[in-house]
Amino acid sequence: MSTPVDDPLARERSHLSASRSALRAMREGVEALDISDVTANWVNAEALAHQIEERIKALADLSGTPLFFGRLDYLHAPGAEEAEGAEGERPQPEAAYQTLHIGRRHVHDRDGDPMVIDWRAPVSQPFYRASTKDPMDIALRRRFGYTGGDLTAYEDEHLSDPAAVTPSGSSGDARTSKLLQQEIERPRVGPMRDIVATIQPEQDEIVRSGLSGTVCVQGGPGTGKTAVGLHRVAYLLYAHRERLARTGTLVIGPNRSFLHYIEQVLPALGELAVQQATVDDLVAHVEIKGTDDATAAVVKGDARLARVLRRALYSHVTMPTEPVVVVRGSRRWRVPAYELEVLVRELLDRDIRYGAAREALPQRIAHAVLVQMERSGEAPDDRVQDAVARNSAVKAAVKAVWPAVDPAKLVLRLLSDAEFLAVHAEGILDEDEQKAILWAKPARSVKSAKWSAADAVLIDEATDLIQRTHSLGHVVLDEAQDLSPMQYRAVGRRCTTGSATVLGDLAQGTTPWATRSWQEALAHLGKQDALVEELTAGFRVPTDVITYASRLLPHIAPGLTPVVSIRENPGHFEVRPVSGGKDVVEACRESLRHEGSTGLIAADARVPELAEALTEAGIPYLGPGEETTRDTRLTLVPASLAKGLEYDYVVLDDPRAVVDGEPDERTGLRRLYVALTRAVSGLTVTHTDPLPPQLASTTLR
């Protein structure tokens, strides 16, 4: 059946159908590849088969996800350099580039002509940055509306002719686009979605920043910093695929619930090889069995502990007092103690890793022996030097002078032996700080020790002092404001030769060691030259909600710019006095009448009581990290785990209890700020106790 010429929506649906068919043909072409005669051995065959399997997964057509979400009509055909993608998509005739459909991945027909252009390609950039002030050679930008995977609407912006009338009445400003607003406000069930169709110009600049530089993004609630970081990874993998395939990429989140929430974003963009972890995963050298009080955790997280560890480690190196005598055949070769001392001091002065220096020392001693052999008329070669380095006398000397050190045992001794700690912390930690980190009951062995999370970071630091940590090509660090200086160092070790994207909000720091400034944090990370960007436009949190939450900013982050919501819909907001758990349950029931997800956030100590009330009321609920469904849309969230999560509607139980559940008021107010800003469409604050007085303030500094 022919498509009506005067029906743009029908033509676009026809193109969508043809594009899906083309994508299916691309996938079938990969599935049909026969590699039986192109590999030399089974290892290559396995590697190639894995690559083909990953390619097939990347070409999956997700039925509920639009294959393209926008269109660009260029006034002139882009040049070949702009049109060519990172994987060398071949330039097409001029006519093929007048109209481009922009989507999550590249799709071409059987002749190789593009039907959908990857959003990361240079030629797609105007979709995010073009405006009436700078059209970027774009005559028309079209946005599409979808229900599931079905195209249902479109909206045009005539950028080169702002006076033109558009079908949807768009003003030409992406932020006032009705379809864009609808996409931002669309109810969400399940894990986090990508924002590839709604990326704003200031976000796009960060997403497309180069691989060589580290970027730190300060962003308040709802500014999209997490999504920006994930989309930057997707862009970098597109632009620098071969390099990052060799060096690797990693996304670091604050906890498993958060990682589960974001885990589908990159696969939806066709990127399947990015690893995800928490900082605790990175430093999992020992089993965590214990916890620290706040004072001990702050001291252990202080960067000064790196100096203490270094002193303690290198205290094992002693200057030789005896010569080394190497017997080979009938000859004896003697390296005197003073010459050995010179070799040891040279290695210390080079400031290389403890383990690398220990491995180099026997070769240095062997070289000294070879020099004597050559002076006596012999002509030894490298094999002789290696044999001398393995000589028992040389091994014994190295063991005595530069012994092997186990990093866990080193930390165990520091935390168990007051005298050992005092010697190596002198001038670095005062007596009270030393007492704070000493174990009351010293452990007998590494296995029996009740290690804390902070102890594991110390072991990771000691491990790196001994042997260099492998560096990745790029690391994304989210919710970074809650890391200690020592945790920053642990992350920095994973990208010493690569770059990083650091994401966070100073106002949401809820640990006793929370980041005070990004400059200080970046110094601990080893990325002092990083570019710091600030996002202040709020896309997720409704105006009334973020305005209410921002009353806390003068008390938790006085110098920070409040988020300004660009949402046209102010959202539902209510502060409701209640008499008990049944009233809180009723507030949840009301929220569940709306489409989308609901989160009941409460002080950790209140969660068991509310769980019992929900069960008695017959309302099913999930825990953080569990995926919501259309049948179970309520999640009961302890306030300590709310960070980074979002729900269409939030019921916040008893703000005073959230504040009182923390060690100090400032941390409690920051925890409350996090809890208040998890809502996308509506927030109901219920309280039996009086609200914190800081919420009564109506002025922002």
Side-chain angles (χ1 to χ4, degrees), residues 19 23 26-27 30 51-52 54-62 65-70 72 78-92 97 100-108 112 114-129 193-201 203-215 217 224 226-251 262-276 472-476 495 498-501:
S19 298
L23 180 60
M26 290 171 62
R27 189 170 60 253
V30 178
Q51 292 176 9
I52 290 174
E54 292 298 299
R55 179 62 175 163
I56 292 171
K57 290 179 182 177
L59 290 172
D61 186 3
L62 307 177
T65 303
L67 194 55
F68 56 79
F69 48 80
L72 293 175
E81 186 174 318
E82 286 182 283
E84 186 171 322
E87 295 183 354
E89 299 161 7
R90 64 185 180 85
Q92 303 298 318
Y97 285 107
L100 303 176
H101 285 79
I102 312 301
R104 287 169 171 77
R105 58 175 60 81
H106 175 82
V107 179
H108 58 254
M115 301 190 71
V116 180
I117 300 294
D118 195 304
W119 66 276
R120 298 167 289 187
V123 75
S124 302
Q125 189 173 5
F127 183 78
Y128 302 106
R129 299 199 191 180
R193 302 191 303 256
D194 66 71
I195 63 164
V196 67
T198 62
I199 294 173
Q200 294 299 292
Q203 296 174 325
D204 190 62
E205 288 185 18
I206 298 171
V207 167
R208 295 178 190 265
S209 54
L211 176 61
S212 59
T214 289
V215 178
V217 182
T226 294
V228 166
L230 295 174
H231 286 68
R232 187 181 181 212
V233 171
Y235 172 76
L236 293 175
L237 285 167
Y238 176 86
H240 307 278
R241 189 167 302 280
E242 290 187 7
R243 178 176 171 183
L244 289 178
R246 294 193 306 269
T247 56
T249 52
L250 174 67
V251 174
I262 68 171
E263 67 183 358
Q264 296 302 318
V265 174
L266 287 169
L269 299 174
E271 300 300 342
L272 308 172
V274 180
Q275 300 298 311
Q276 295 185 347
L472 299 166
H474 192 77
V475 170
V476 174
C495 56
S499 56
T501 301

Q | Smallest separation among heavy atoms of Ser209 and Val215, with atom names | A | OG-CG2, 3.6 Å

Q) Got His231 and Ile199 here, is their nearest side-chain heavy-atom distance under 4.5 Å? A) yes

Q: Output the distance between atom CG (Leu100) and atom CE (Met115), rounded to the nearest 0.5 Å.
A: 12.5 Å

Q.
Please find the pair of heavy atoms, one from Tyr238 and one from Ala121, that lie closest to each other, and give the distance.
A. OH-CB, 3.4 Å

Q.
If you apply the rule side-chain contact (heavy atoms from CB on, under 4.5 Å), what do you find for Val251 with Gln275, and how did you get there?
A. CA-CA 6 Å; Val251 174; Gln275 300 298 311; over 6 Å; no

Q. Looking only at heavy atoms, what is the nearest atom pair of Ala234 and Leu269, with distance?
A. CB-CD1, 3.9 Å

**Q.** Full working for side-chain contact (heavy atoms from CB on, under 4.5 Å) between Trp119 and Val207
**A.** CA-CA 11 Å; Trp119 66 276; Val207 167; 4.0 Å; yes

**Q.** Side-chain (His240) to main-chain (Leu236) donor-acceptor, under 3.5 angstrom
**A.** no

(Q) So does Arg120 get a backbone contact from the side chain of Arg208, meaning a donor-acceptor N/O pair under 3.5 Å? (A) yes

Q. Is there a donor-acceptor pair under 3.5 Å between the side chain of Thr214 and the backbone N or O of Ser499?
A. no

Q: Answer yes or no: is there a donor N or O on one side and an acceptor on the other, between the side chain of Thr247 and the main chain of Arg243, under 3.5 Å?
A: yes

(Q) What I'd like to find out is whether the side chain of His101 reaches to under 4.5 Å of the side chain of Phe69, using heavy atoms alone. (A) no

Q: Please report the shortest heavy-atom distance between Gly473 and Leu211, naming the atom on each side.
A: O-CD1, 4.2 Å

Q: Would you check if His108 and Met26 make a side-chain contact, meaning some heavy-atom pair closer than 4.5 Å?
A: yes

**Q.** Close side-chain approach of Thr249 to Val475, heavy-atom, < 4.5 Å
**A.** no

(Q) Any salt bridge linking Glu205 with Arg232? Criterion: basic side-chain nitrogen under 4.0 Å from a carboxylate oxygen. (A) no

(Q) Assess the residue pair Gln203 and Ile195 against the criterion (side-chain contact (heavy atoms from CB on, under 4.5 Å)); give the C-alpha distance rounded to whole Å, side-chain angles, the decisive distance to 0.1 Å, and a yes or no. (A) CA-CA 10 Å; Gln203 296 174 325; Ile195 63 164; 4.1 Å; yes

Q. Do Asp118 and Arg105 sit within salt-bridge range, that is, some charged N less than 4.0 Å from a carboxylate O?
A. no

Q | Closest approach of Leu472 to Gly248 (non-hydrogen atoms, all atoms of both residues) | A | CB-O, 3.7 Å

Q) Between the main-chain N or O of Leu250 and the side-chain N or O of His474, is there a donor-acceptor pair closer than 3.5 Å? A) no

Q. Side-chain contact, heavy-atom cut-off 4.5 Å: Ile262 with Thr226?
A. yes

Q: Not counting sequence neighbours, which residues clear salt bridge (Lys or Arg N to Asp or Glu O under 4.0 Å) with Arg104? List them please.
A: Asp194

Q.
Any non-hydrogen side-chain atom of Phe68 less than 4.5 Å from a side-chain atom of Val107?
A. no

**Q.** Side-chain donor/acceptor of Tyr128 to backbone N/O of Val196, under 3.5 Å
**A.** yes

Q) Side-chain contact, heavy-atom cut-off 4.5 Å: Glu271 with Arg241? A) yes

**Q.** Verdict with supporting geometry, Leu272 and Leu266, side-chain contact (heavy atoms from CB on, under 4.5 Å)
**A.** CA-CA 7 Å; Leu272 308 172; Leu266 287 169; over 6 Å; no

Q. Side chains of Ser124 and Ile102: does their closest heavy-atom pair fall under 4.5 Å?
A. yes

